[in-house]
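Input: a single structure, listed below in structure tokens.
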Amino acid sequence: MKVMTGKQGQTFLIILFPLILIPAFILAYFAFGAVNQDEYIQRRRLENSLLQELDQTNGRIQLVLDEMVEDLYRSLPKDLSLYHDNWIDDWEENQNLAGTVFLLNGEGEIVFPALDSTEKANLFYWRYMNFFSGEEAIPVYQSIAEEYSEEILAEEVLAEDIPNDSSAPPSPAMAEAPAAMSLAEAEPLPQAKSTLRTQEAASLFELDEEVQERVYGLAEEEGQVYLKRNVLPQLETLPETEEETQTVVRSVYMESTRYFEEIVLQGEFGLIPRLFDSTFTLLFWARQGDLIVGCELDMEEVKNRLSAAIALPAGEVRLMNILDNRGEALIPQSDKGREEWRRPFVAKEISEYLPYWETAILLKNPEEFQRQLESSRYLLTFMIATLTVILIGAMILIFRLSTRQIKEVRQRVGFVANVSHELKTPLTSIRLYSEMLSQGDRSDPEKIGKYADYIAAESQRLTRLINNVLDFARWDRGNFKEKKELIELNDLAESVLEGLREEYEKAGFTLKLTLSTDPLELWADKEAIVQVILNLLSNGKKYSREQKELVLETGKKGKEIYLSVSDRGIGIPRKYRKKIFRQFFRVDTSLTTRYGGTGLGLAIARQIMKNHRGRLVYSSRDREGGGSRFTMVFPLKEMRSKK
């Protein structure tokens, strides 16, 4: 569509501005009218008040948990080497919180209780023997905001452009610090700084829905698993369909796994939540030298103490309760059943030490309150929807004129900024060796061949770089077209490797090929799959050290077929493994700074695999002598889908 100029452009603007401004003023008028309605104000005040009350209650519950752990730790004898003098029986008898008491030696073996001594002891062995010995990892739980705190705070700094000087306003977390502070205390310790940054990130995550969506998107992209909540708070769900409801209510805690030896290195004592089917328990542990002592907590006593934390008179409009991992209320309410507590007015998760537990509030008379809200909401929704259609129709005209130009400019600027310096290196090398060829002694065929090889290698490098940039640009514009055909993965892998064998062997590499005995046919874009393999082999060549070995392997596993590329290179540090497939990301270590690159190769490879309904997986070869393995996985169903 051509850009209008002259009188046509003026006429267009004269018509367009009223179409946008008049609906905008009408929408603002009705929006302010809705805000001023008493029902809306009451809802916001009630919601904020109840959420603050839940925050305070969760704080008291966390304090009770901390007091229980400290109580258990203080009641332990100072010297566990005297465990044979009946201190275990005394501790279990005098400590109301102690359920099944245990004692471990330095090898993680259970010294007490003895196996087959009681049914409770046998159950304890079944639950924890493999965990204590390091043969089994268990789920642990962490706040998703804490895990992604650096990403949250980095994005906020970029968005707000906060100046880094003494005139900048203090952060909310710093504002809570005591006003009186000595000069020695003016600079927090690194651990205090980390805690303050984590608190600030958690606050931003809770208050900003855009931050939540971005963080949840990162977590899902990296394969993180966050918990499924047992309740559906009415203020956090969409009432349209059950499917929509399930997608809106998300947990703020994510699940990972750790071994016992990793957990006990975090401090002198602690608490571990454990779930066995529907049975929830808390495991207390404490270290004294090489020995570890602890107990399963008596959950009835725990529930009694937690219930006491909210044993407050019910207000005029609400009821509060604690819901356990099964969604059952700790404090019985004669007129409120389990199903009602599963759909509370508001609810909040409590702590990573109580996964799936929540505090919840029910309204005593929700029907009248909901009726008032719905009448206002339906009218306002209808008016906003009508005006939105008008606004969208007007904005489409602008987007049709400007979107393409803006997008092209943004892409050109972005690509030039990231790859301009990468293009200089191979061009400089080609020019250098070309000059050496033109000015050197042409009677020496060995030098001529050597220079020609350098020029060919740099040309191939330049071609791959340009192809990566062009492919990425096409995907960014959404106009990349695939040409799928039936290919045989074994033959493809063999042909690619044979085509590169001479070049790689000259560089000192050993190439190995292990092919599946089964035919591995799939319907795919041959050139795209070859590009992925070439990118992976190029990375393996670039980052290999003294041991130069590249291995291609194909195979079939279950309902999937795969092709893997393995090397003996520098590998990827654990903290970077979740980020290597992001656009323009490169590992920043002393071993990689001397290598060039745009950070597009793996991003393009992953996009190609997604387009083939497959995935690209990284795995370390630390236990095999070092290096990396990238595996291209294709589903069997994609083999049969001839589109």
Side-chain angles (χ1 to χ4, degrees), residues 457 460 464 467-468 471 482-545 547-572 580-581 601-602 604-643:
Q460 292 177 359
R464 284 194 298 269
N467 286 338
N468 280 346
D471 288 343
E482 296 178 337
K483 299 178 181 179
K484 291 191 176 181
E485 58 183 296
L486 187 64
I487 64 175
E488 212 287 326
L489 198 58
N490 289 324
D491 295 341
L492 184 65
E494 186 174 12
S495 64
V496 171
L497 200 63
E498 290 304 319
L500 298 173
R501 186 174 295 279
E502 182 177 355
E503 172 191 345
Y504 278 59
E505 288 181 350
K506 282 185 178 180
F509 280 85
T510 300
L511 302 181
K512 296 182 180 180
L513 182 63
T514 303
L515 299 178
S516 170
T517 56
D518 298 324
L520 305 178
E521 294 182 338
L522 69 153
W523 197 254
D525 186 329
K526 181 178 179 180
E527 294 302 322
I529 300 303
V530 169
Q531 182 179 355
V532 176
I533 299 174
L534 291 177
N535 273 336
L536 298 179
L537 288 171
S538 176
N539 285 344
K541 179 183 178 182
K542 182 189 299 184
Y543 296 110
S544 288
R545 294 174 290 186
Q547 190 174 358
K548 298 183 177 182
E549 176 188 80
L550 293 173
V551 180
L552 256 69
E553 180 181 357
T554 64
K556 177 180 178 183
K557 186 175 182 181
K559 296 183 178 181
E560 296 175 327
I561 61 176
Y562 65 88
L563 184 151
S564 66
V565 177
S566 305
D567 60 53
R568 293 294 184 187
I570 60 178
I572 298 174
I580 57 175
F581 296 107
L602 290 178
I604 291 173
R606 184 183 64 171
Q607 184 62 48
I608 290 175
M609 293 304 299
K610 284 185 177 181
N611 289 352
H612 287 78
R613 304 182 190 277
R615 63 187 190 276
L616 183 61
V617 181
Y618 169 81
S619 57
S620 173
R621 303 184 71 194
D622 293 342
R623 298 183 179 180
E624 305 174 30
S628 300
R629 178 183 289 110
F630 288 89
T631 304
M632 304 163 59
V633 182
F634 302 89
L636 283 174
K637 62 180 179 180
E638 187 66 14
M639 295 165 52
R640 304 186 184 96
S641 59
K642 300 182 179 182
K643 300 180 181 178

Separation between CG of L497 and CG of L537, rounded to the nearest 0.5 Å: 6.5 Å
Considering all heavy atoms, the nearest S628-G571 contact: OG-CA, 3.4 Å
Stepwise side-chain contact (heavy atoms from CB on, under 4.5 Å) test for Q607 and I604: CA-CA 5 Å; Q607 184 62 48; I604 291 173; 5.6 Å; no
Separation between CH2 of W523 and CZ of R613, rounded to the nearest 0.5 Å: 14.5 Å
Any donor-acceptor pair under 3.5 Å from H612 side chain to D525 backbone: yes
Interatomic distance, F509 atom CZ to L550 atom CG [nearest 0.5 angstrom]: 5.5 Å
Closest non-hydrogen atom pair between I608 and Q531, with its separation: CD1-OE1, 4.1 Å
Pairing residues for E488 by the side chain to side chain donor-acceptor pair (under 3.5 Å) criterion, not counting sequence neighbours: N490
Derivation and outcome, side-chain contact (heavy atoms from CB on, under 4.5 Å), residues E494 and L513: CA-CA 7 Å; E494 186 174 12; L513 182 63; 3.8 Å; yes
Salt bridge (Lys or Arg N to Asp or Glu O under 4.0 Å) partners for K512, two or more places apart: E549
Donor-acceptor contact below 3.5 Å, side chain S495 vs main chain D491: yes
Audit row: L563, I533, side-chain contact (heavy atoms from CB on, under 4.5 Å) steps and yes/no: CA-CA 9 Å; L563 184 151; I533 299 174; 3.9 Å; yes
Those residues that, when tested against R501, pass salt bridge (Lys or Arg N to Asp or Glu O under 4.0 Å) (two or more places apart): E498, E505
From CA spacing to verdict: side-chain contact (heavy atoms from CB on, under 4.5 Å), T514, L552: CA-CA 6 Å; T514 303; L552 256 69; over 6 Å; no
T554 (side chain) donor-acceptor with S516 (main chain) under 3.5 angstrom: yes
Donor-acceptor contact below 3.5 Å, side chain D567 vs main chain G627: no
Closest contact, heavy atoms only, G569 versus R545: O-NH2, 3.3 Å
Side chains of N535 and L602 in contact at under 4.5 Å (non-hydrogen atoms): no
Minimum side-chain heavy-atom gap I487-L522 below 4.5 Å: yes
Non-neighbouring partners of S566 that pass side chain to side chain donor-acceptor pair (under 3.5 Å), sequence neighbours left out: R629
Which residues share a salt bridge (Lys or Arg N to Asp or Glu O under 4.0 Å) with K557, sequence neighbours left out: none
Residues that K556 engages under side chain to side chain contact (heavy atoms under 4.5 Å, CB included), provided they are two or more places apart: D518, L520, I561, L636
Close side-chain approach of R615 to M609, heavy-atom, < 4.5 Å: no
From OG (S538) to OH (Y504), nearest 0.5 Å: 5.5 Å
Test salt bridge (Lys or Arg N to Asp or Glu O under 4.0 Å) applied to E553 - qualifying residues, sequence neighbours left out: none
Pairwise distance CD1(I529) to CZ(F634) - rounded to 0.5 angstrom: 4.0 Å
Pairing residues for N539 by the side chain to side chain donor-acceptor pair (under 3.5 Å) criterion, not counting sequence neighbours: none
Interatomic distance, Y543 atom OH to I572 atom CD1 [nearest 0.5 angstrom]: 9.0 Å
Over all atoms of both residues, closest heavy-atom pair of K484 and N611: NZ-O, 3.8 Å
4.5 Å side-chain heavy-atom contact, R568 and K548: no
With S620 via side chain to side chain contact (heavy atoms under 4.5 Å, CB included) - residues at least two apart: R577, Y618, D622
